[in-house]
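Read the structure below first, then the notes.
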Amino acid sequence: MISRRDFLQVAMATTAIYGGAAFGTWSRAAAQQAMTQDDLLSFETTGNVTLIHITDIHAQLVPVWFREPEINLGVGAAEGQPPHLTGKEFLQRYGIETGSAAQYALSYPDFTALARTYGRMGSADRIATIVKSIRAERPDALLLDGGDTWQGSLTALRTDGRDMVEVFNALGTDAMTSHWEFTLGIDRVTEIVENELNFPFLGANIFDAEWNEPAYEPYVIFERGGARIAVIGQAFPYMPIANPGYMFPDLSFGVRDERMAEVVREARDEGADAVVLLSHNGFDVDRKMAARVPGIDVILTGHTHDALPEPLLVGKTHLIASGSHGKFVSRLDLDVRDGEVKAVRHKLIPVFSDVIAADPEMTALVEAQRAPFKDELSEVIGRTESLLYRRGNFNGTWDDLICDALLQEREADIALSPGFRWGASVLPGQDITREDIFNATAMTYPEAYRTEMTGEQLHIIMEDVADNLFHPDPYYQQGGDMVRVGGMGYRIDIGRPAGSRISEMTMLSTGEAVEPSRTYVVAGWASVNPEVEGPPIWDVVESYVAREGTVSISPNQNVQVVTV
């Protein structure tokens, strides 16, 4: 049975408290009046196999704020379809009541007011409580990690991912796949996989580039509930395009759906009664793969950070989207009999950190991982009058702030900030700590470059990124969200062909059109090219915030989006 009832029955019954709700104890009281841990974790155990899915946690070990996107456009067959619904359309599609806990967790309207009511979400010690609760009912439940786990925080950067590896070992993870993990460099990934990780690191689509042979285990078959469950790993397909290929020079990636069909057949030939794809393809790529590759019962999708309160069915394949940053844990009970999946029961569990009790053992482990960096993490750099968030197709206030810092600190005409989806939010009126800055910038190629580009070169870059995002075929969507731009406005026509989407590029300082032959000073960061020079982006942002003292980001109206 597929139902959103388990998630929504509690969330829809709650009423938000708007206005001047304070942080701390008032937030906890408000959340606890609305729901209980038993409410959030209640589940009618069914079938004989249980899957637990976490993905895209981006190294967030403690509770965070994370605002969902306001703009999430689908193109081609995905236009107007989940997960490309936001705001009122999303709430109406899933029957979510205005002002409810579900609205806060799953959508963006009234985010600040609802955040002050319901509190932060996520954290490893709350996730541990959820996992232990599920395993108390179903001891052999499979815990599957969808990747983007070892990157995204100051502590993960400082420890080369060791903090996250130790936490996920302690959770009792059964398998994982990958994406940003490889930006630690192939030597560190190999060290972790061979010496530190207590569970399989799966990637059916990762090959040795020289010998064209599989580089990692493609799948594992688990015996659960009298059934054989194949878990296949699918790493992010576009690693050498979206991230620096020189960090993993001897590996090749790709969607490789013919390879996936081959692996599914092989698993079935080995007696698999159910096939689960643990994927970091992104939702639309997985939707297409589900339609093209027969025999997959469940796709646990990742990469695009979507959170959906119910599965999406493509043929006989159930797509499960479990969000990001530790905000959600998905539970999936399968009835597997006679060599096939007879029934599915799903629950998207919101990890309200003021409601779900922390697991003491995990709390101690997390505190130990963070202890060497405690003073650095907590140092206050400035304050914000605006909500700082990143997620969205075109702009987020975190990247507007980063662009402002690049323009000022690097003395540039135009600033470019990559369309990353990771990065926790900061509420208006809050201090900006060094941890907050690293949550939006922590990566292994952080150099803030300063260069010269012609208007024509800028246009080519913008068109290339736009096609990566809005190509109608999901298999050609190779990046994150649209590059963020400071100092320049533009128009984008989503439905136009590649090379003709971007127009009306205008310098904000003068109102003059960007001239193709003119040279402009451009500052940016996270270049995938080798030997890039410049200070790390976190130093650039920290210097800017410290000098400003209090930052305020005006609504960004510099991108004109045309969808027809």
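All values reported here derive from a predicted model rather than from experimental measurement. Only this structure's heavy atoms are used, side chains among them; waters, hydrogens and symmetry mates stay out. Residues take their numbers from the sequence shown, with the count starting at 1.
E166 contributes no side-chain N or O that, together with a main-chain N or O of D163, makes up a donor-acceptor pair within less than 3.5 Å. T159 places a side-chain N or O within donor-acceptor distance of the main-chain N or O of T155, the cut-off being under 3.5 Å. S330 places no side-chain N or O within donor-acceptor distance of the main-chain N or O of H53, the cut-off being under 3.5 Å. Under the 3.5 Å distance criterion, the side-chain polar atoms of Q103 are matched with a main-chain donor or acceptor of P109. Between the side chain of Q37 and the backbone N or O of A357 there is at least one donor-acceptor pair closer than 3.5 Å. A donor-acceptor pair under 3.5 Å links the side-chain atoms of S279 to the main chain of N281, judged by distance alone. A donor-acceptor pair under 3.5 Å is absent between the side-chain atoms of E181 and the main chain of S178, judged by distance alone. Side-chain atoms of Y520 come within 3.5 Å of backbone atoms of E515 as a donor-acceptor pair (strictly under, hydrogens ignored). Here the side chain of K347 pairs a donor or acceptor atom with the backbone of L40 at under 3.5 angstrom. Without hydrogens or angle criteria, D56 side chain to H303 main chain gives a donor-acceptor distance under 3.5 Å.
Taking F394 as the reference, F470 meet the ring pair (Phe, Tyr, Trp, His ring centres under 6.0 Å) condition, with sequence neighbours excluded. For Y389, the ring pair (Phe, Tyr, Trp, His ring centres under 6.0 Å) criterion is met by no residue, not counting sequence neighbours. Residues passing the salt bridge (Lys or Arg N to Asp or Glu O under 4.0 Å) test with E512 are R518, sequence neighbours excluded.
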Inset, instruction - Would you check, one step at a time, whether the test side-chain contact (heavy atoms from CB on, under 4.5 Å) holds for L469 with I494? - result: CA-CA 9 Å; L469 182 59; I494 303 301; over 6 Å; no

Inset, instruction - I would like to know whether E435 and R370 meet salt bridge (Lys or Arg N to Asp or Glu O under 4.0 Å); could you show each step before the answer? - result: CA-CA 11 Å; E435 180 168 23; R370 290 169 58 84; 2.8 Å; yes

Inset, instruction - Might you work through the side-chain contact (heavy atoms from CB on, under 4.5 Å) test for R120 and V64, ending with a clear yes or no? - result: CA-CA 5 Å; R120 289 179 171 87; V64 298; 5.6 Å; no

Inset, instruction - For E367 and K374, run salt bridge (Lys or Arg N to Asp or Glu O under 4.0 Å): C-alpha distance rounded to whole Å, both residues' side-chain angles, the deciding distance at 0.1 Å, then the answer. - result: CA-CA 9 Å; E367 289 179 350; K374 183 177 180 180; over 6 Å; no

Inset, instruction - Walk me through it: do L73 and T563 pass the test side-chain contact (heavy atoms from CB on, under 4.5 Å)? - result: CA-CA 9 Å; L73 299 177; T563 58; 4.0 Å; yes

Legend entry - Stepwise side-chain contact (heavy atoms from CB on, under 4.5 Å) check, L377 with L154: CA-CA 8 Å; L377 290 164; L154 184 149; 3.9 Å; yes

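When all heavy atoms of R67 and L387 are compared, the closest pair comes out as CD-CD2, 3.6 Å. Between V540 and A448, the shortest heavy-atom distance links the atoms CG2-CB, 3.9 Å. Closest non-hydrogen pair, M121 versus P350, comes out as CE-CB, 3.8 Å. Residues M453 and I461 approach most closely at SD-CD1, 3.6 Å, considering heavy atoms. Between H84 and N72, the closest heavy-atom pair is ND1-OD1, 3.0 Å. The two atoms that bring R126 and A358 nearest to each other are NH1-CB, 4.0 Å, heavy atoms only.
Note that NE2 of H280 is 9.0 Å distant from OG1 of T301, once rounded to the nearest 0.5 Å. Atom CG in L401 sits 6.5 Å away from atom OH in Y544 (nearest 0.5 Å). For the atom pair CD1 (I130) and CG (L171), the distance works out to 10.5 Å, reported to the nearest 0.5 Å. Atom CG of residue D354 and atom CE of residue M35 lie 9.5 Å apart, to the nearest 0.5 angstrom. Of the inter-residue distances, the one linking N439 atom CG with R390 atom CZ reads 10.0 Å to the nearest 0.5 angstrom. Atom CD of Q457 sits about 8.0 Å away from atom OG1 of T451, to the nearest 0.5 Å.
Between D493 and R491 there is a salt bridge, since a side-chain N of the basic residue sits under 4.0 Å from a carboxylate O of the acidic one. Between R391 and D481 there is a salt bridge, since a side-chain N of the basic residue sits under 4.0 Å from a carboxylate O of the acidic one. Taking 4.0 Å as the cut-off between side-chain N and carboxylate O, E463 and R501 do not count as a salt-bridged pair. A salt bridge between D110 and R116 is absent, with no side-chain N of the basic residue lying under 4.0 Å from a carboxylate O of the acidic one. For R158 and E376, the salt-bridge test passes: some basic side-chain N is under 4.0 Å from an acidic carboxylate O.
Within the structure, every pair that satisfies the salt bridge (Lys or Arg N to Asp or Glu O under 4.0 Å) test and touches residues 400-415, not counting sequence neighbours, is listed here: E409-R547. Listed by first and then second residue, the ring-ring contact (aromatic ring centres under 6.0 Å, His included) pairs involving residues 398-421 are W180-F420, F420-W422, F420-W525 (not counting sequence neighbours).
Between L406 and R450 the shortest side-chain heavy-atom distance does not fall below 4.5 Å. The shortest side-chain heavy-atom distance between L300 and T55 does not fall under the 4.5 Å cut-off. Using a 4.5 Å cut-off on side-chain heavy atoms (C-beta onward), T304 and R421 make contact. A 4.5 Å side-chain heavy-atom check between Q369 and R162 finds at least one atom pair inside the cut-off. At least one side-chain heavy atom of M505 sits less than 4.5 Å from a side-chain heavy atom of H459. Counting heavy atoms from C-beta on, the side chains of P418 and V483 never come closer than 4.5 Å. In this structure, the side chains of H325 and F66 come closer than 4.5 Å at one or more pairs of heavy atoms. Side-chain contact between L106 and F328 is present, with at least one heavy-atom pair separated by less than 4.5 Å.
With 3.5 Å as the limit, one finds no donor-acceptor pair spanning the side chains of T433 and D431. With 3.5 Å as the limit, one finds no donor-acceptor pair spanning the side chains of Q477 and N468. Side-chain N/O atoms of N243 and H179 include a donor and acceptor closer than 3.5 Å.
Around CD of E504, the count of heavy atoms belonging to other residues, nucleotides or ligands within 6.0 Å exceeds 12.
Evaluated for a side chain to side chain contact (heavy atoms under 4.5 Å, CB included) with T397, the options I553, I402, T384 yield exactly one hit, I553.
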Pairs of donor and acceptor atoms involving the side chains of residues 85-92, under 3.5 Å and at least two apart or interchain, shall be tabulated with distances.
from	atom 1	to	atom 2	distance (Å)
T86	OG1	E70	O	2.8

